[in-house]
Amino acid sequence: MGHDFAGVVEAVGTSVTRLKAGDAVLGVARFRHAGAFAEMVTASEKAVVLKPVDLSYEQAAALPTVGVTAYQATAEVRPGQAVLVNGCLGGVGRAAAQFAQARGASVAGSCRNPAADEARELGIEPVVGFGFNPATLAERFDLVLDTPGMLPFAAARTLLKPGGTIVDIVPAPAKMIRSALPGPFRAMMGRPVTADLEEVARTLRLPIARTVPLAEAIQALTELEREQRPKGGKLVIAMAGS
Ligand SMILES: NC(=O)c1ccc[n+]([C@@H]2O[C@H](COP(=O)([O-])OP(=O)(O)OC[C@H]3O[C@@H](n4cnc5c(N)ncnc54)[C@H](OP(=O)(O)O)[C@@H]3O)[C@@H](O)[C@H]2O)c1
């Protein structure tokens, strides 16, 4: 949270060659610094790309981290494969569904029951609730992408075809150990690779649920964390005059 941004380049360092002052861009602030809830932000050149003209700054700011994570999590998906996205209407989930479909896979997903029709409208089928019984979808998927990191390992393994992969993007010590062992489980961190971020900017489009000014950010973030209902898209913090 607070890593992604979109805006206009104010200045560049002497070794920067790809970008210049005045460019409209989107990107990811340095992980340890975060700090993108601000009027000015610093970022590494590799984590910043030009903003396509058809994207507003708000739309562009919604894409970087979830987009790159989803793009990299689905990188090995091949045409004809089947993917299950747990949490298919979250930021990473929506992005992963789009990339997996673009890579020629069929996509199934889980979401809160009231949002099932929205998931189906995105071409996701079947759509199941969060408490689904994995036995009903046993051995159906080449990739199980667990975006909230909440699927028990045994449940995820039940869903997999032989040779399939489970990708979990919410790291925890036990998951990192499991990921290092032989087997289908992989814990993954998205990395700001320039070419991946360019592809995300070019192709990914996500709905924005709400845009608020910086002064209302804390209130909006608190509501986002407390409300137990489908979010409907990204929360964007807009700077004065943007
Ligand atoms: N490893 C990385 O590089 C990386 C990158 C980005 C994000 N992340 C992490 O990945 C997680 C997801 O990120 P995000 O941006 O996609 O968050 P998000 O937009 O909040 O999406 C999370 C999704 O999980 C759903 N969910 C909630 N409880 C669930 C359950 N019991 N079973 C299945 N799904 C459930 C949510 O549904 P509702 O909206 O209905 O609650 C929502 O659709 C976060 O923990 C984030 O910190 C990791």
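As the structure lists them, so they are numbered: ligands from 1, and atoms in each ligand from 1.
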Exercise. So, Thr147 versus Asn86: side-chain donor-acceptor pair below 3.5 Å or not?
Worked result: no
For this session: Please work out which of Cys88, Gly90, Gly149, Gly190 has its closest non-hydrogen atom nearest to atom 22 (C) of ligand 1.
Result: Gly90
For this session: Please work out whether any backbone atom (N, CA, C, O) or any side-chain heavy atom from C-beta onward of Lys234 is under 4.0 Å from ligand 1, and answer side chain, backbone, both or neither.
Result: neither
For this session: List every atom of ligand 1 that sits less than 4.0 Å from any heavy atom of Gly91, numbering the atoms from 1 in the order shown and giving each element.
Result: 16 (O), 18 (P), 19 (O), 21 (O)
Problem set entry | Thr65: numbered ligand 1 atoms lying under 4.0 Å from its heavy atoms | 5 (C), 6 (C)
For this session: For atom CZ of Arg120, decide whether the heavy atoms of other residues, nucleotides or ligands shown that lie under 6.0 angstrom number more than 12.
Result: yes
For this session: Find out if a path of hydrophobic residues (ILVMFWY) with successive side-chain heavy-atom gaps under 4.5 Å connects Phe5 to Val16.
Result: yes
Exercise. Does Lys234 come within less than 4.0 Å of Glu58, counting only side-chain N to carboxylate O?
Worked result: no
Exercise. Judging by distance only, is a nitrogen or oxygen of Ser110 under 3.5 angstrom from one on ligand 1?
Worked result: no
Exercise. Do we get Arg94 above Phe99's six-membered ring, with its NZ or CZ under 6.0 Å from the centre and within 45° of the axis?
Worked result: no
For this session: State whether the side chain of Gln98 and the backbone N or O of Arg205 hold a donor-acceptor pair below 3.5 Å, judged by distance alone.
Result: yes
Exercise. Which is it for Ile169 and ligand 1 at heavy atoms under 4.0 Å: side chain, backbone, both or neither?
Worked result: both
Exercise. Is it the side chain (CB and beyond), the backbone, both or neither of Leu151 that lies under 4.0 Å from ligand 1, heavy atoms counted?
Worked result: neither
Exercise. Would a 4.5 Å heavy-atom cut-off, applied to side chains only, mark Leu224 and Lys231 as touching?
Worked result: yes
For this session: Might you confirm whether atom CD of Glu198 has over 12 heavy atoms from other residues, nucleotides or ligands at distances under 6.0 Å?
Result: yes
Exercise. More than 12 foreign heavy atoms under 6.0 Å from CD of Glu125: is that the case here?
Worked result: yes
For this session: Under 4.0 Å, heavy atoms only, figure out whether ligand 1 is touched by the backbone of Met150, its side chain, both or neither.
Result: side chain
Exercise. Which ligand 1 atoms does Pro148 reach within 4.0 Å, using its non-hydrogen atoms?
Worked result: 24 (O), 33 (C), 34 (N), 35 (C)
For this session: Indicate whether the side chain of Thr74 and that of Arg103 have a donor and an acceptor atom separated by less than 3.5 Å.
Result: yes
Seminar exercise, completed: ligand 1 to Thr147, heavy atom cutoff 4.0 Å, flagged ligand atoms 10 (O), 11 (C), 12 (C)
Problem set entry | Proximity of Lys231 to ligand 1 by residue part, where a heavy atom lies under 4.0 Å | both
For this session: Taking only heavy atoms of Val66 into account, list the atoms of ligand 1 that are under 4.0 Å away from them.
Result: 15 (O)
Exercise. Taking non-hydrogen atoms only, is Val170 closer than 4.0 angstrom to ligand 1 via side chain, backbone, both or neither?
Worked result: side chain
Exercise. Which ligand 1 atoms does Arg112 reach within 4.0 Å, using its non-hydrogen atoms?
Worked result: 38 (P), 40 (O), 41 (O)
Problem set entry | Proximal ligand 1 atoms for Met188, defined as those under 4.0 Å from one of its heavy atoms | 1 (N), 2 (C)
